[in-house]
Amino acid sequence: MNDTSAPTEHTPGTADGPRYDFRAAEPKWQAAWSERACFQVADVPTSGKPKYYVLEMFPYPSGKIHMGHVRNYTLGDVVARYKRAKGFDVLHPMGWDAFGLPAENAARERGVHPAKWTYENIANMRGELKRMGLSLDWTREFATCQPEYYQHQQKLFLDFLASGLVERKESWVNWDPVDGTVLANEQVIDGKGWRSGALVEKKQLSQWFFSITKYAPELLAALDTMDRWPERVRLMQANWIGRSEGARLHFDLAAPEAGIDKVEVYTTRPDTLFGMSFMAIAPEHPLAAAVGARDEKAAAFIAECRSKGTSEAVIETGEKHGYDTGLRVKHPFIEGATFPVWIANFVLMEYGTGAIFGCPAHDQRDLDFARKYNLSVVPVVLPPDADAASFAVGKEAYVGPGVAYNSDFLNGLDVDAAKRAAIDALAAKSQGLGVVNWRLRDWGVSRQRYWGCPIPVIHCESCGVVPVPADQLPVRLPEDVTFDRPGNPLDHHPTWKHVACPSCGKAARRETDTFDTFVDSSWYFARYCCASDTTQPLARAAVDHWMPVDQYIGGIEHAILHLLYSRFFTRAMKATGHISVDEPFAGLFTQGMVNHESYRAEDGAWLYPEEIDKRPDGTAVHKVTGLPVTVGRIEAMSKSKRNTIDPGEIIQRYGADTARWFILSDNPPERDMEWTESGAAGAYRFTQRVYRLAEGVVGANGPCPSEFGTDGRALRRATHKAIAAVTDALENFSFNVAVARLYELANAIADAERAAGTAANEPNLAWARREAVEMLARLCAPMMPHVAEEIVALLYPGSLNLVADLPWPDADPALLIAETVTIAVQIMGKLRGTVSVAPDSPAATVIALAEAEANVARGLEGKRIVKRVHVPNRIVNFVIAG
RNA sequence: GCGGGUGUGGCGAAAUGGUAACCGCAGCAGACUCAAAAUUUGCCGAGCGCAAGCUCUUGUCGGUUCGAGUCCGACCACCCGCACCA
């Protein structure tokens with residue numbers, strides 16, 4: 001690992017090796033930071049400094065870090081190091097989202113225990129992260145699979161349960177009959193289980209749910225106050241929560257069916273009730289089940305929906321199927337009118353009440369269904385400018401504004417007024433009321449898995465569900481499990497689930513489901529604040545000090561689930577007295593992906609970047625065979641496309657600073673970026689260049705001289721302008737701009753170096769150069785901390801100061817004022833020349849100079865100046881006539 | 001279908017309504033070298049012109065303004081998210 005051999009052909013350097021040897025420097029400074037505990041903070045600091053909590057989404061320990069991690073953790077580290085230099089106590093922790101399916105798959109496929117696999121991966125990835133030189137407080141590290149962590153999660157669950165924030169209820173789930181487990185929607189592909197390939201069934205199971213819907217109104221309302229979240233994420237969450245206003249009403253059946261005498265529906269269009277032509281109920285609706293019990297054809301139809309309901313073919317074509325039950329419902333307003341009840345595949349049991357009234361004229365789905373089954377289509381909303389006698393609905397439902405007609409007492413009202421009138425009429429008959437409906441559903445957290453946090457309850461035949469007493473926590477996962485057959489190993493375990501009921505002492509059964517791993521990640525951010533407290537989930541003093549997270553950074557893929565669950569969990573923890581804040585993340589930043597070119601051989605096989613040679617004309621050949629290679633699209637790095645770059649190798653070859661610098665320099669962090677070899681090599685050249693510039697200024701220490709020559713003044717101005725510009729860029733997450741300003745400063749130093757070679761008598765230029773190099777290093781420090789330390793150590797031999805402990809430099813305001821400013825001179829908004837004047841020169845002076853400028857004067861010749869616009873220090877514009 | 005985002009040189013991009021293209025990558029020409037690498041100097045949106053300079057150019061069309069990449073309106077293209085949500 002500690003390879004200090006001569007650089008390979010990829011590491012440019014002089015004949016005797018590169019001047020700056022990152023292979024020696026990076027471990028040295030990482031050790032120095034660690035020895036001085038630079039990045040450790042107390043649970044409750046006494047420094048009196050303001051706090052700043054920087055957090056990046058913690059990684060799943062898959063085995064190796066990828067470029068997405070490098071980008072994520074570099075972004076966070078820049079913020080953490082910058083804020084620390086700005087005088088904040090910075091909390092910047094790291095841990096592992098360690099439960100989950102891949103560990104179980106490894107166990108099934110390779111026979112390695114999930115714990116062993118996970119902890120080995122963690123060890124490897126921890127080493128890789130440490131080599132990146134991140135300013136992390138490693139004393140707070142934990143993995144969610146440790147009982148020391150999940151025991152507290154079990155306690156939180158018990159508290160939620162006691163507070164009515166958890167319930168056990170029946171729900172329809174995707175069931176894989178071969179693997180014997182519930183599948184998430186994302187795990188169902190083409191109606192089949194993603195692992196087994198078995199046709200997925202809909203099955204009703206008793207599951208644990210967190211009552212996130214209780215918080216739907218406030219989770220939605222609070223989005224408006226979260227001004228440091230991306231607009232896009234807030235909108236996605238708002239859509240997900242999905243508030244809609246409408247009416248809930250019931251229809252009486254003409255004749256009761258198996259004791260059911262009415263059906264409740266939800267609608268957003270009660271104004272269209274007079275356009276009803278049928279009722280449709282979901283295949284999972286109780287009334288459908290009742291019909292199915294006596295009608296074989298209905299039962300067959302329901303079964304078909306169950307097996308095909310989730311297949312992509314049905315969803316994509318949107319084809320609607322129905323079955324006429326023969327039942328009829330009475331219209332609430334039209335005396336004597338009844339309508340048929342259909343079972344329809346497009347009605348969702350999970351939304352609303354699982355039943356709708358169909359108004360084909362004003363709903364596209366209802367119209368498609370009505371046309372297919374020859375049901376009547378009666379328009380009841382007349383579009384503006386349409387004629388009541390001739391208006392008809394063809395293939396497109398009319399969903400726009402208009403006036404009610406064909407609608408008895410609603411006639412003449414516009415859509416909104418008709419809705420209100422219809423709801424009032426329903427309420428008067430006690431047949432319905434106005435309601436707010438939510439798309440958000442309660443969060444089912446039961447998983448039939450081994451590698452997850454056990455749900456701490458016991459099922460007793462006499463007592464029902466009994467929570468595990470808090471003093472018996474944690475409920476530990478047994479280690480001796482087998483993965484030799486499908487299903488949940490916890491269920492197969494010979495002894496684990498057999499326990500005495502804590503309440504009555506009789507033989508009882510432990511819950512064998514474990515939590516969805518999203519539970520683990522819904523509170524880890526708070527746990528970091530007090531990670532060493534073994535007695536309770538959260539220590540209020542520490543959590544109240546550090547929470548909320550000031551800056552959270554991660555991928556957009558978590559825009560909904562993880563972030564919404566965490567927001568809910570924080571509210572639930574507040575309700576149970578564990579935390580004081582409502583919102584966990586005050587600021588959110590979503591980074592773009594890291595992409596790379598892809599390559600394919602002639603036979604279509606994907607090739608790794610290291611298998612090909614790029615030629616200057618942009619084409620590529622296979623290194624071994626010499627055959628041409630197709631250079632494909634630039635797309636997200638993925639193992640299947642083989643367009644991945646291993647960060648470990650990049651750090652080995654170029655150093656961590658190079659990787660960090662390049663990943664920040666290319667483009668704005670919220671946008672997708674392309675990883676390129678030449679870009680990485682360019683970043684490496686810059687690390688060497690900065691160090692070389694430093695070597696040229698060693699020794700010019702001492703107090704600031706009072707007089708400088710022309711070159712010295714210019715360089716000092718460039719230095720202080722850079723301080724101001726880089727500070728501004730870092731504050732705004734414009735890291736690519738910060739990088740550009742630092743390149744400029746390096747270029748200015750190089751210019752001064754040349755000037756020093758020719759103008760030997762320039763006074764104190766050496767001091768100005770040393771100042772510039774020191775500032776360059778310190779401004780670079782959040783991005784490339786190791787080079788920065790090496791340079792400052794070079795400038796101040798024997799000093800024990802670490803850049804990591806130095807305050808952020810301030811720009812000297814006097815040096816931010818230019819000696820002269822260049823004013824653009826326009827005629828009619830077109831640039832015609834420039835003039836140089838002292839800053840803040842009076843308008844009359846500037847305008848006179850501008851008019852005298854040769855090219856401007858030519859343009860003004862023979863013209864009448866109508867208006868002279870002068871913007872101080874920027875521009876003069878002449879408006880002319882004739 | 002609904003919602004959102006993005007369109008600027010060969011490429012990634014920059015630009016509080018005020019000189020469009022900073023900075024980097026790639027490229028071209030030169031210096032150094034026996035040579036290469038490394039380093040380094042210069043050029044580098046398009047067109048016209050010997051030059052001074054002129055014209056055009058931020059997806060398209062229009063508007064506001066002394067002045068628009070930026071603000072407003074319409075449209076086009078691409079990308080992303082959600083989606084049989086009643």
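Every chain is numbered from 1 and lettered A, B, ... according to where its sequence line falls, protein lines coming before strand lines. Excluded from the calculations below are hydrogen atoms, water molecules and symmetry mates; all remaining heavy atoms, backbone and side chain alike, are included.
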Ring pair (Phe, Tyr, Trp, His ring centres under 6.0 Å) against A:His562, all qualifying residues, sequence neighbours excluded:
A:Tyr552, A:His558

Going by the rule ring pair (Phe, Tyr, Trp, His ring centres under 6.0 Å), which residues pair with A:Tyr351 if we only count those two or more places apart in sequence or in a different chain?
none

Please measure how far the [atom1] atom in [N] lies from the corresponding atom in [M], and state the result in whole Å.
| N | M | atom1 | answer |
| --- | --- | --- | --- |
| B:G4 | B:C48 | P | 45 Å |
| B:C66 | B:A83 | C1' | 50 Å |
| B:G24 | B:U60 | C1' | 31 Å |
| B:C2 | B:U55 | C1' | 46 Å |
| B:G53 | B:C11 | C1' | 31 Å |
| B:C85 | B:G10 | C1' | 48 Å |
| B:G7 | B:A13 | C1' | 13 Å |
| B:U6 | B:C56 | P | 29 Å |

Taking the nucleotide of RNA chain B with the closest heavy atom to each, which residue, A:Ser678 or A:Asn667, is nearer the 5' end?
A:Asn667

Per nearest nucleotide of RNA chain B, the residue lying toward the 5' end, A:Ile560 or A:Phe357, is A:Ile560

So, OP1 or OP2 of [N]: does either fall under 4.0 Å of a side-chain N or O from [X]?
| X | N | answer |
| --- | --- | --- |
| A:Arg689 | B:A38 | no |
| A:Arg692 | B:U40 | yes |
| A:Tyr266 | B:A86 | no |
| A:Arg243 | B:C85 | no |

Donor-acceptor check, side chain of [X] to backbone of [Y], threshold 3.5 angstrom: yes or no?
| X | Y | result |
| --- | --- | --- |
| A:Arg248 | A:Val265 | no |
| A:Thr687 | A:Tyr684 | yes |
| A:Asp666 | A:Phe662 | no |
| A:His331 | A:Leu273 | yes |
| A:Arg439 | A:Ile241 | no |

B:G30 glycosidic torsion: syn (within 90° of 0) vs anti:
anti

Starting at [atom1] of [X] and ending at [atom2] of [N], how long is that distance when rounded to a whole Å?
| X | N | atom1 | atom2 | value |
| --- | --- | --- | --- | --- |
| A:His870 | B:G18 | NE2 | P | 15 Å |
| A:Leu367 | B:C84 | CG | C1' | 14 Å |
| A:Arg754 | B:U39 | CZ | P | 15 Å |
| A:Trp342 | B:A86 | CH2 | C1' | 18 Å |
| A:Phe686 | B:G24 | CZ | P | 9 Å |
| A:Met593 | B:G12 | CE | P | 16 Å |
| A:Leu563 | B:G81 | CG | P | 16 Å |
| A:Trp661 | B:C25 | CH2 | P | 12 Å |

Using a cut-off of 4.0 Å on non-hydrogen atoms, how would the nucleic acid contact of [X] be classed: base, sugar-phosphate, or nothing?
| X | result |
| --- | --- |
| A:Ser665 | nothing |
| A:Val347 | base |
| A:Gly352 | nothing |
| A:Thr822 | base |

Taking side chain to side chain donor-acceptor pair (under 3.5 Å) as the definition, give me every residue that meets it alongside [X], ordered by chain and number, with sequence neighbours left out.
| X | result |
| --- | --- |
| A:Glu231 | A:Arg234 |
| A:Arg371 | none |
| A:Glu557 | none |

With heavy-atom distances below 4.5 Å as the criterion, would you say the side chains of [X] and [Y] are in contact?
| X | Y | result |
| --- | --- | --- |
| A:Val879 | A:Met828 | yes |
| A:Gln591 | A:Glu670 | no |
| A:Val690 | A:Tyr20 | no |

One character per nucleotide, please: for nucleotides 52-57 of chain B, 5' to 3', B when the base has a protein heavy atom closer than 4.0 Å, S when only the sugar-phosphate does, - otherwise.
-SSSS-

Produce a footprint string for nucleotides 58-72 of chain B: one letter per nucleotide, 5' end first; B if the base is under 4.0 Å from any protein heavy atom, S if only the sugar-phosphate is, - if neither.
--------BS-----

Does the plane of the ring in A:Phe369 sit parallel, tilted or perpendicular to the ring in A:Trp342? Use 30° and 60° as the thresholds.
perpendicular

Under 4.0 Å, heavy atom to any atom of RNA chain B: which of residues 734-750 of chain A qualify?
A:Asn736, A:Val737, A:Ala740, A:Arg741, A:Tyr743, A:Glu744, A:Asn747

Using atom names, set out every protein N or O paired with an N or O of nucleotides 44-47 of chain B below 3.5 Å, distance rounded to 0.1 Å.
none

Within the 3.5 Å criterion, strictly below it, is a donor on A:Glu695 or A:Tyr691 matched to an acceptor on the partner's side chain?
no

Using a 3.5 Å cut-off on both pairing distances, which stems of three or more Watson-Crick or G-U pairs include RNA chain B?
B:1-7 with B:76-82, B:10-12 with B:23-25, B:27-31 with B:39-43, B:45-48 with B:53-56, B:59-63 with B:71-75

With A:Glu851 as reference, evaluate A:Arg858, A:Arg832, A:Arg868, A:Lys863 under the salt bridge (Lys or Arg N to Asp or Glu O under 4.0 Å) test and give the passing residue.
A:Arg868

Could a donor-acceptor pair under 3.5 angstrom be found where the side chain of A:Arg874 meets the base of B:U16?
yes

Among the nucleotides B:G81, B:C85, B:A14, which one has an atom lying closest to any side-chain atom of A:Arg439?
B:C85

Between protein and nucleic acid, restricted to nucleotides 2-7 of chain B and to nitrogen or oxygen atoms under 3.5 Å apart, what atom pairs and distances do you find?
none

Of A:Val871, A:Val869, A:Val856, A:Val846, which is the lone residue that meets side chain to side chain contact (heavy atoms under 4.5 Å, CB included) with A:Val876?
A:Val846

Minimum heavy-atom distance between [X] and [Y], given as atom pair plus value:
| X | Y | value |
| --- | --- | --- |
| A:Ala738 | A:Leu730 | CB-CD2, 3.9 Å |
| A:Ile650 | A:Met67 | CG1-CE, 3.8 Å |
| A:Trp661 | A:Ala683 | CD1-CB, 3.6 Å |

Please enumerate all residues that pass side chain to side chain contact (heavy atoms under 4.5 Å, CB included) together with A:Arg232, with sequence neighbours excluded.
A:Met236, A:Ile556

